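Reviewing the structure listed below.
Just so it is clear, the model here is predicted, and its values are computed rather than measured. Both counts, for ligands and for their atoms, begin at 1 and track the order of listing.
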Amino acid sequence: MTTWIDACKATDIDQEDVVRFDHEGRTFAIYRSPDDEYFATDGLCTHEKIHLADGLVMDDTIECPKHNGRFSYKTGEARGAPVCINLKTYPVRVDNGRVMIGLGA
Ligand code: FES
């Protein structure tokens, strides 16, 4: 079963940007794409646990601020050294202007 968590206002995230969201001891990164879609991943880089919300969004990619590792924030795919472990992704929906992320039970 999926539990939907209210993360932020849709307008809290600029287009082609990312914000950090912490919930019950976990940290997530929530993205707004250039074409106005929303996505969510684990918030920490799989290389050295750096907050990806401090990184740079370019098109469908998040670049980690520490060693410039890159992931697709849409699929979680690691896109080259030094990152080799994919990011976990989460479903997202927008309800009444709020960004909701879906967490498994
Ligand atoms: S900590 Fe993210 S690429 Fe190294």
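Checking Cys64 against atom 4 (Fe) of ligand 1, every N/O/S atom stays at or beyond the 2.8 Å cut-off. Here Cys45 reaches atom 2 (Fe) of ligand 1: one of its N/O/S atoms is less than 2.8 Å from the metal.
Atom numbering of ligand 1 starts at 1 in the shown order; those under 4.0 Å from a heavy atom of Ile50 are 1 (S). The Glu48 neighbourhood of ligand 1 comprises atoms 1 (S), with distances under 4.0 Å to a heavy atom of that residue. Atoms of ligand 1 found under 4.0 Å from any heavy atom of Gly69 (numbered from 1 in listed order, with element): 3 (S). Every atom of ligand 1 is numbered from 1 in the order shown, and the set under 4.0 Å from a heavy atom of Pro82 is 3 (S). Of all atoms in ligand 1, numbered sequentially from 1 with element shown, those under 4.0 Å from a heavy atom of His47 are 1 (S), 2 (Fe), 3 (S), 4 (Fe).
Between the side chains of Asp35 and Ser33, at least one donor-acceptor pair of N or O atoms lies under 3.5 Å.
A 4.5 Å side-chain heavy-atom check between Ile13 and Tyr31 finds every atom pair outside the cut-off. A 4.5 Å side-chain heavy-atom check between Arg32 and Asp17 finds every atom pair outside the cut-off.
The ring of Tyr73 has its center closer than 6.0 angstrom to the ring center of Phe39. Centroid-to-centroid, the aromatic rings of Tyr90 and Phe28 come within less than 6.0 Å.
Put simply, Leu52 and Leu56 are part of two different groups of oily side chains (I, L, V, M, F, W, Y) that touch within less than 4.5 Å, one to the next.
His67 has its closest N, O or S atom to atom 4 (Fe) of ligand 1 at the position named ND1.
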